[in-house]
Visitor: 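One structure, pasted below without further comment.
As the structure is a computational prediction, the values presented were derived from the model and not from experiment.
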Amino acid sequence: MATSTLLPNSRTESDGSAVIRVLSYNIRSMRDDTDALARIISACAPDLVLIQEAPRFFRWRKKLARLAAASGQVVLTGGATAAGPAILCSLRATVERTEDVLLPLTPGQHRRGFATAVVRFGGARVGVLSCHLSLRKDERREQAGMLLDRLAGLGVEHAIAGGDLNESPDGPAFRLLSGALQDCRAVAPWGGEETWRYSEPHRRIDAVFATKGIEVLGCGVPLDQPGVTRADLIAATDHLPVLAALRVPAA
């Protein structure tokens with residue numbers, strides 16, 4: 001059963017570990033109410049924002065930078081250079097490196113990619129990846145394997161991945177990821193569950209994952225987060241965001 005208490009605030013512990021907030025959000029290329037979108041991100045007070053469907057065309061950098069500034073973040077990496085995924089971060093993060101990765105293109109399908117980074121919070125060092133998997137079942141499964149390979153290639157002990165998987169937890173790509181990583185919502189359910197409200201029944205197709213050494217303190221749709229309103233959630237984009245609170249051990 002999901003808890004309704006508030007997630008812990010970000011902080012650095014005396015042992016060097018860090019409690020961080022991670023938000024994963026498909027923003028539909030900012031085609032909806034961008035003020036509502038910025039209010040939601042700000043209210044969640046994230047240290048990392050894993051974006052899917054960031055603007056990719058005319059003046060995309062300016063649009064993404066405007067969203068970051070309006071929501072108290074800075075652009076870390078991604079956007080058109082990763083075919084849509086992007087990462088924003090708070091000033092609390094110390095950035096070691098970033099890399100945008102384009103995945104193999106299947107004819108007739110949209111190009112997909114990963115936005116990746118390695119960052120530090122206090123004494124904690126963590127790899128980060130934002131993804132948006134294919135609409136095709138077979139391609140999603142293959143991309144999930146590439147995601148795990150990419151996380152392993154970051155050369156860090158602790159890592160976080162999040163994004164729009166385009167399938168529910170019983171799908172093959174989702175199962176591959178949840179078998180190798182912690183599905184944060186399943187480990188410590190908090191808030192709402194379904195992230196895609198345009199189907200019957202509604203589905204959970206967006207998720208945050210973490211490697212085994214990270215402690216999951218809570219994860220779900222921030223329906224009762226102070227400052228997040230249902231009106232803004234409906235107006236901001238066609239997905240609902242996923243917010244996770246995680247404790248990352250010191251390096």
Visitor: Would you tell me whether Asp164 and Gln52 have side-chain atoms, one donor and one acceptor, within less than 3.5 Å of each other?
Guide: no
Visitor: Taking atom types as modelled, find out whether Thr77 and Asp100 have a side-chain donor-acceptor pair closer than 3.5 angstrom.
Guide: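 Indeed, the side chains of Thr77 and Asp100 share at least one donor-acceptor pair under 3.5 Å.
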Visitor: Should we say atom NZ of Lys212 is surrounded by more than 12 heavy atoms from elsewhere, each under 6.0 Å from it?
Guide: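 Counting other residues, nucleotides and ligands, NZ of Lys212 exceeds 12 neighbours.
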Visitor: May I ask you to decide whether Arg185 forms a salt bridge with Asp183, counting only side-chain N to carboxylate O separations under 4.0 Å?
Guide: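 No, this pair does not count.
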Visitor: Checking Ser168 against Asp170 for the side-chain hydrogen bond (donor to acceptor under 3.5 Å, both in side chains) test, could you report, in this order, the C-alpha distance in whole Å, the side-chain angles of both residues, the deciding distance, and whether it holds?
Guide: CA-CA 5 Å; Ser168 300; Asp170 58 352; 4.5 Å; no
Visitor: For the atom pair OG1 (Thr229) and CG (Leu223), what is the distance rounded to the nearest 0.5 Å?
Guide: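 So the gap between those two atoms works out to 11.0 Å.
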Visitor: Under a 4.0 Å threshold between the charged nitrogen and the carboxylate oxygen, would Arg140 count as salt-bridged to Glu167?
Guide: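 Answer for the salt bridge query: yes.
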Visitor: Main chain of Leu103, side chain of Arg111: is a donor-acceptor contact present, judged purely on distance under 3.5 Å?
Guide: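 Here the side-chain-to-backbone pair exists.
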Visitor: Go through the structure and list residues passing salt bridge (Lys or Arg N to Asp or Glu O under 4.0 Å) with Glu193, not counting sequence neighbours.
Guide: none
Visitor: Could you list all the ring-ring contact (aromatic ring centres under 6.0 Å, His included) pairs where at least one residue sits in residues 211-251, not counting sequence neighbours?
Guide: Trp196-His239
Visitor: Surrounding CD of Glu99 (heavy atoms of other residues, nucleotides or ligands, distance under 6.0 Å), is the total greater than 12?
Guide: yes
Visitor: Please check: side-chain N/O of Glu13 versus main-chain N/O of Val19, any donor-acceptor pairing under 3.5 Å?
Guide: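 No, Glu13 side chain to Val19 backbone: no donor-acceptor pair under 3.5 Å.
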Visitor: State which residues pass salt bridge (Lys or Arg N to Asp or Glu O under 4.0 Å) with Asp238; sequence neighbours excluded, sorted by chain then number.
Guide: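 With sequence neighbours excluded, Asp238 shows a salt bridge (Lys or Arg N to Asp or Glu O under 4.0 Å) to no residue whatsoever.
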Visitor: Checking side-chain hydrogen bond (donor to acceptor under 3.5 Å, both in side chains) for the pair Thr12/Arg92: CA distance, chi angles, key distance, verdict?
Guide: CA-CA 10 Å; Thr12 301; Arg92 186 176 174 228; 3.3 Å; yes
Visitor: Please collect all salt bridge (Lys or Arg N to Asp or Glu O under 4.0 Å) contacts where either partner lies in residues 73-85, sequence neighbours excluded, each pair once.
Guide: none
Visitor: Hey, could you give me each pair passing ring-ring contact (aromatic ring centres under 6.0 Å, His included) that has a residue in residues 19-38? Not counting sequence neighbours.
Guide: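 Listed once each, the pairs would be none.
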Visitor: For Phe174, which residues count as a ring pair (Phe, Tyr, Trp, His ring centres under 6.0 Å) partner, sequence neighbours excluded?
Guide: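 Here the qualifying residues are Phe209.
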